[in-house]
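First up is the structure itself, then whatever we jot down about it.
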Amino acid sequence: MPYTVQGVVARGKGEPVSLETVHVPDPGPGEAVVNIQACGVCHTDLHYREGGINDEFPFLLGHEAAGTVEAVGEGVTDVAPGDYVILNWRAVCGQCRACRRGRPWYCFSTHNATQRMTLEDGTPLSPALGIGAFIEKTLVAAGQCTKVDPAAPATAAGLLGCGVMAGIGAAINTGGVTRGDSVAVIGVGGVGGAAVHGAHLAGATKIIAVDIDDRKLAWAKEFGATHTVNSRESDPVEAIKELTGGDGADVVIEAVGRPETYRQAFYARDLAGTVVLVGVPTPEMTVELPLLDVFGRGGALKSSWYGDCLPSRDFPLLIDLYLQGRLNLDGFVSETIGLGDVEEAFAKMHRGEVLRSVVVL
């Protein structure tokens, strides 16, 4: 039977979110219904509410979640009712040109549930990143469910569904950080803090956290930063060079998504170093760099989609590291809240007061 549950909906651009009654259909072929246990409040959800992603309102918000499978549709074999899963927004297809070349983390044809969840009056909802997890139960493509060890609490595990995975993956998967490297991370909120932690896990010996907020810089030290730079008080490029013997960092991760911070990242790297853009810019932003500098400095300029992760590979591995005490997922959880507190959580996030508010159901 279809389910009637409560979910957090953004009805219009810039409007406060509201708690609404949502109808969730039984899963069809290739689909699953998941009981949500916890879901992080990610900046992407605020982008949806502000119309920064698209204008397909109303949105069912939330996507950084973990829970248990309630039911599966025809043809689903990878997960079964009762499985503990983290939801991911890149359900790889296995058939596109990236998948066929053995690079499924670049999958160009990821998929979502075919059916739509609706409001009481039948209005179809657009689930954030194809998930919509600020809700008691949600409908997703079964490939968006990744089984992990149920010993990890959902408040921590769910964070791998987006922001923490994006940051760790930007360092390890995209940036290729390895033992002995010097790394700088510009912008150390949730994603940037995770990039710091990823660099620490990978064995970087010098990890420089850059931000304008001393609270975030203090959090970054808890995740492994060896040095901090407040870029309101000093030039971050010069500070990074000074801390790296005048050369610049081997890998610089830009986790803000702005032209001025990208330029800082570009010039703060060593010759033949790597810049990784994981911060998400808005459509009107542009960046201008002297082409001779792009050529002359060598190295690589990369963008990181979802930390270039493969959920089936990376989620279980990172949960194992968490259970071993080597990955500090709990450190990202600033507070736990209810479904009715999402709007205030957006305000706290905008003010920089939290790394992650986590909705617990």
Side-chain angles (χ1 to χ4, degrees), residues 3 5 7-10 17 20 22-36 38-67 69-73 75-76 78-79 85-96 98-99 104-119 123-147 158-166 169 280 305-312 314-315 342 359:
Y3 310 90
V5 296
V8 176
V9 173
V17 299
E20 306 273 357
V22 176
H23 293 304
V24 180
D26 284 328
E31 296 176 341
V33 170
V34 177
N35 296 312
I36 302 299
C39 183
V41 180
C42 177
H43 208 278
T44 302
D45 294 303
L46 184 57
H47 277 318
Y48 272 104
R49 195 202 72 173
E50 296 301 303
I53 306 293
N54 57 55
D55 59 358
E56 296 173 7
F57 291 94
F59 292 111
L60 175 62
L61 299 182
H63 59 280
E64 197 175 73
V69 176
E70 168 83 10
V72 299
V76 175
D78 289 342
V79 293
V85 298
I86 298 172
L87 298 183
N88 73 79
W89 47 268
R90 290 187 64 80
V92 300
C93 72
Q95 303 297 322
C96 72
C99 289
W105 50 89
Y106 292 140
C107 179
F108 302 136
S109 188
T110 58
H111 53 281
N112 302 317
T114 301
Q115 299 182 90
R116 301 287 289 273
M117 293 175 278
T118 66
L119 295 173
T123 301
L125 291 165
S126 299
L129 290 175
I131 292 176
F134 290 151
I135 193 171
E136 295 162 320
K137 300 177 190 289
T138 194
L139 177 75
V140 294
Q144 294 178 277
C145 301
T146 304
K147 288 192 291 186
L159 300 184
L160 292 179
C162 189
V164 171
M165 184 69 255
V280 182
W305 301 346
Y306 204 179
D308 288 337
C309 80
L310 183 61
S312 60
D314 294 339
F315 289 3
V342 169
V359 174

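FYI, side chains are in, hydrogens and waters are out, and symmetry mates aren't considered; it's all heavy atoms of this structure. All residue numbers refer to positions in the sequence shown, counting from 1.
Looking at residues two or more places apart in sequence or on another chain, you find a side-chain hydrogen bond (donor to acceptor under 3.5 Å, both in side chains) between Asn35 and Glu70, Lys137. Every residue two or more places apart in sequence or in another chain that forms a side chain to side chain contact (heavy atoms under 4.5 Å, CB included) with Ala166 is listed here: Val191, Val278. Partners of Pro27 by side chain to side chain contact (heavy atoms under 4.5 Å, CB included), not counting sequence neighbours, listed by chain and number: Glu31, Val33, Ala71, Leu139. Judged as a side chain to side chain contact (heavy atoms under 4.5 Å, CB included), and not counting sequence neighbours, the contacts of Thr110 are Arg90, Cys107. With sequence neighbours left out, the side-chain hydrogen bond (donor to acceptor under 3.5 Å, both in side chains) criterion links Thr123 to Asp121. Qualifying side chain to side chain contact (heavy atoms under 4.5 Å, CB included) partners for Ser109, counting only residues two or more places apart in sequence or in other chains: Cys93, Cys96. With sequence neighbours left out, the salt bridge (charged side-chain N to carboxylate O under 4.0 Å, His left out) criterion links Glu20 to Arg11. Partners of Phe57 under the ring-ring contact (aromatic ring centres under 6.0 Å, His included) rule, at least two apart in sequence or in another chain, are Phe59. By the ring-ring contact (aromatic ring centres under 6.0 Å, His included) test, His111 pairs with no residue at all, sequence neighbours left out.
Considering all non-hydrogen atoms of both residues, Trp305 and Phe108 come closest at CZ3-CE2, 3.9 Å. For the residue pair Val22 and Met117, the shortest heavy atom distance occurs at CG1-CB, 4.1 Å. The minimum heavy-atom distance linking His63 with Ala128 is given by the pair CB-O, 3.8 Å. Residues Pro104 and Cys99 approach most closely at CA-SG, 4.0 Å, considering heavy atoms. The shortest heavy-atom contact between Gly130 and Val140 is O-CG1, 4.1 Å.
Atom CD1 of Ile36 and atom CD1 of Ile135 lie 8.5 Å apart (nearest 0.5 Å). To the nearest 0.5 Å, atom CG of residue Leu129 and atom SG of residue Cys42 are 7.5 Å apart. We find the OG1-CD1 distance between Thr44 and Ile53 to be 6.0 Å, quoted to the nearest 0.5 Å. Here Ser126 contributes atom OG and Arg116 contributes atom CZ; the two are 4.5 Å apart, rounded to the nearest 0.5 Å. We find the SG-CG distance between Cys145 and Asn88 to be 8.0 Å, quoted to the nearest 0.5 Å. Taken from CD1 in Ile131 to CG in Asn112, the straight-line distance is 8.0 Å, to the nearest 0.5 Å.
None of Val359, Leu46, Asp45 except one satisfies the side chain to side chain contact (heavy atoms under 4.5 Å, CB included) rule with Val342; the exception is Val359.
For residues 49-59, the pairs satisfying side chain to side chain donor-acceptor pair (under 3.5 Å) are Arg49-Glu343, with sequence neighbours left out. Applying the salt bridge (Lys or Arg N to Asp or Glu O under 4.0 Å) test to pairs two or more places apart or on separate chains, those with a residue in residues 57-66 are Glu64-Arg356.
The aromatic rings of Phe315 and Tyr306 stand perpendicular to each other, their planes meeting at an angle above 60°, with 30° marking the opposite boundary.
Between the Thr138 side chain and the Ala133 main chain, no donor and acceptor come within less than 3.5 Å of each other. Using a distance-only test at 3.5 Å, with no hydrogens or angles considered, a donor-acceptor pair links the side chain of Gln115 to the main chain of Asp26.
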Would Phe134 and Leu60 satisfy side-chain contact (heavy atoms from CB on, under 4.5 Å), going step by step from the backbone distance to the final call?
CA-CA 7 Å; Phe134 290 151; Leu60 175 62; 5.5 Å; no
